[in-house]
2 protein chains.
Amino acid sequence: MKKIDTKTRILNAAEQLFAIYGFNNTSLRQITTEANVNLASVNYHFGSKKSLIQAVLARYLQVFMPTLITELDNLTAQQTNTNQLNLNDLLHTFVKPLLALNQISAQSARNFMVMIGRGYSETQGHLRRYISENYGETLNHIMQLFASTLPNISRTELFWRLHFSLGALVFTMTSDSALAEISESDFSEKVSTEYIVNKLIPFIVAGLKN
Amino acid sequence: MKKIDTKTRILNAAEQLFAIYGFNNTSLRQITTEANVNLASVNYHFGSKKSLIQAVLARYLQVFMPTLITELDNLTAQQTNTNQLNLNDLLHTFVKPLLALNQISAQSARNFMVMIGRGYSETQGHLRRYISENYGETLNHIMQLFASTLPNISRTELFWRLHFSLGALVFTMTSDSALAEISESDFSEKVSTEYIVNKLIPFIVAGLKN
DNA sequence: GTAAATTTTAAACAAGTGTTTGAATTTGTG
DNA sequence: CACAAATTCAAACACTTGTTTAAAATTTAC
């Protein structure tokens, strides 16, 4: 065994390249070169490129989801009749699990969000299917929680507003390099994932409440 | 000359396929087959695939921008000291120019927005550069107008919130087929571009104002 | 109507893609 | 150490990509 095994090195390289160039514009040769492994090892360890994409996502979810569930449980445990669940707190519950991803490798939090975004438009829905098959229950639970903090909004309305929110998040992360470019030249500010998320939450809260 | 000339047929086919599959996942063979023209005619009429992408965007902008400028002028002409420019009105000013695109072909309004979104992440910024080179002045003017309706918000803050808004719009349009799929099965509602935009504007207004 | 310019066409090009192969090498186990 | 299993490797596979070519067809202009 090397210090870092081949499988992990492929995942690390793929994660970064997918986030930058997208799934279809990242070749296995790019990935294996970056990872310093043989071209054929992707198919040996993962079977196919499609499976590799799913494996990258799966690694995020294995870290993100348990952490998120714990945090959500903590939050709901604190609720009483007099102390109702609050939208702002609910949204902040996502921050820690998200930033926890950076323990996988630097920028993983951002890469994860970019991947979610690309999953909607680039992979004919097989990533979306993967998520709803494996975490559908949790997702319903989350939807439930949002609904309870916004009791006056219809399900349809909530559905759309949550997607607007997801869009604001995902687009900002996907266009990140472009935005950072503009932002830094125009305003000369450093942009970290945390920085953006903290600007985003108030925006989303206002939009969701309307 | 045929009823519709080759150049236009290529543009029409490219527009649709780009919106669905993205730039890099749409081949010239797909486009020329869909357009019922010879493969080589793309390079003959446009020079390269990259130029074709730009030509598709240019066609949108030639319709969208003049209409938008007219509408914005109408809006500012109505302003007096007592009748200040309003954020909600400003946003609604974008709707007509946007839907005017549907005269190019059905769904062009949506395709335009999808293209803007993809332009941020898929083309290494050459579409963004094209826009700011050709319409930079108008864009600054628009930024100006937003700033005047939100005098209490810093330039940096406004910059980010406008991109959140753009993200909400663009992501929703890009993931449209996916969302429509979910939405229809879950809520059985028809989703038109207008429908989405009308749901989106209040969301954005609230988020921008905060 | 004929010559010139424009456009269309089929074929081929080089380059890049994911995947498979079978031999070489490394690793784990008795 | 020796054997077997797991892994790595270079090479080739079949296929798709954007682009170019040069001949054929069409349109335009005189």
Side-chain angles (χ1 to χ4, degrees), chain A residues 1-59 115 118-119 121-127 130, chain B residues 1-59 115 118-119 121-127 130:
Chain A
M1 283 272 211
K2 296 174 189 168
K3 286 177 185 171
I4 307 176
D5 67 344
T6 305
K7 222 171 161 175
T8 307
R9 291 165 71 180
I10 293 172
L11 284 173
N12 288 342
E15 173 190 322
Q16 303 224 51
L17 293 169
F18 283 158
I20 300 173
Y21 304 108
F23 305 128
N24 298 294
N25 303 319
T26 305
S27 71
L28 294 183
R29 281 165 183 83
Q30 276 180 270
I31 293 169
T32 51
T33 301
E34 174 75 24
N36 258 306
V37 300
N38 187 271
L39 169 62
S41 56
V42 171
N43 288 278
Y44 176 77
H45 285 287
F46 297 95
S48 67
K49 186 184 181 181
K50 196 169 164 179
S51 303
L52 172 61
I53 295 173
Q54 224 165 76
V56 172
L57 181 66
R59 189 170 64 155
M115 192 149 185
R118 296 203 193 278
S121 56
E122 266 191 50
T123 54
Q124 305 118 35
H126 88 257
L127 285 188
Y130 176 85
Chain B
M1 282 270 210
K2 297 173 188 169
K3 286 176 186 171
I4 307 176
D5 67 345
T6 305
K7 222 170 161 175
T8 307
R9 292 165 70 180
I10 293 172
L11 285 172
N12 288 342
E15 173 190 322
Q16 303 224 53
L17 293 169
F18 284 157
I20 300 173
Y21 304 108
F23 305 127
N24 299 294
N25 303 320
T26 304
S27 71
L28 295 183
R29 281 166 182 82
Q30 276 180 271
I31 294 169
T32 51
T33 302
E34 174 74 25
N36 258 305
V37 300
N38 187 272
L39 168 62
S41 56
V42 171
N43 288 278
Y44 177 76
H45 284 287
F46 296 95
S48 68
K49 186 184 180 181
K50 196 168 163 178
S51 302
L52 171 62
I53 295 173
Q54 224 165 75
V56 173
L57 180 66
R59 190 170 63 155
M115 192 148 183
R118 296 204 193 278
S121 56
E122 267 192 48
T123 54
Q124 305 118 37
H126 89 257
L127 286 187
Y130 176 85

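Below, chain A is the first sequence line, B the second, and so on; all start at residue 1.
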Whole-Å distance, A/I4 CD1 to D/dT8 P, equals 14 Å
**OP:** Go through the steps for B/N36 and B/R9 under the test side chain to side chain contact (heavy atoms under 4.5 Å, CB included), then give the verdict.
**Re:** CA-CA 8 Å; B/N36 258 305; B/R9 292 165 70 180; 3.3 Å; yes
| task | Would you indicate what A/T26 reaches in the nucleic acid, counting non-hydrogen atoms under 4.0 angstrom: base, sugar-phosphate, or nothing? | result | sugar-phosphate
Per the under-4.0 Å heavy-atom filter, residues of residues 38-46 of chain A near DNA chain D come out as A/N38, A/A40, A/Y44, A/H45
When rounded to whole Å, the CG to P distance for the pair B/D5 and D/dT28 reads 11 Å
B/N25 CG to D/dT16 P, in whole Å, measures 15 Å
- [ ] Give a yes or no answer on whether the side chain of B/S48 reaches the backbone of B/S51 with a donor-acceptor pair at less than 3.5 Å.
- [x] yes
To the nearest angstrom, the NZ-P distance between B/K49 and D/dT17 comes to 9 Å
B/N24 atom CG is separated from D/dG18 atom C1', nearest whole Å, by 12 Å
Rounded to whole Å, the CD1-P distance (B/I10 to C/dT7) equals 12 Å
- So does A/R29 reach the base of C/dG16 with its side chain, donor to acceptor, closer than 3.5 Å? no
Practice prompt. Verify the contact: side-chain N or O of A/S27 to OP1 or OP2 of C/dT17, cut-off strictly under 4.0 Å; return yes or no.
Written response: yes
Whole-Å distance, B/L28 CG to C/dT8 P, equals 16 Å
- Message: Pair A/F46, A/L11 - check side chain to side chain contact (heavy atoms under 4.5 Å, CB included), show working.
- Response: CA-CA 10 Å; A/F46 297 95; A/L11 284 173; 3.8 Å; yes
Rounded to whole Å, NZ of B/K7 lies from P of D/dT27 at a distance of 18 Å
*So, A/T8 versus A/D5: side-chain donor-acceptor pair below 3.5 Å or not?*
yes
In short, salt bridge (charged side-chain N to carboxylate O under 4.0 Å, His left out) pairs touching residues 11-29 of chain B with sequence neighbours left out are B/E15-B/R59
Interatomic distance, CG@A/L28 vs CG@A/N38, rounded to 0.5 Å, equals 11.5 Å
Sorted by chain and residue number, the side chain to side chain contact (heavy atoms under 4.5 Å, CB included) partners of A/A58 (sequence neighbours excluded) come out as A/Q62, A/Y130
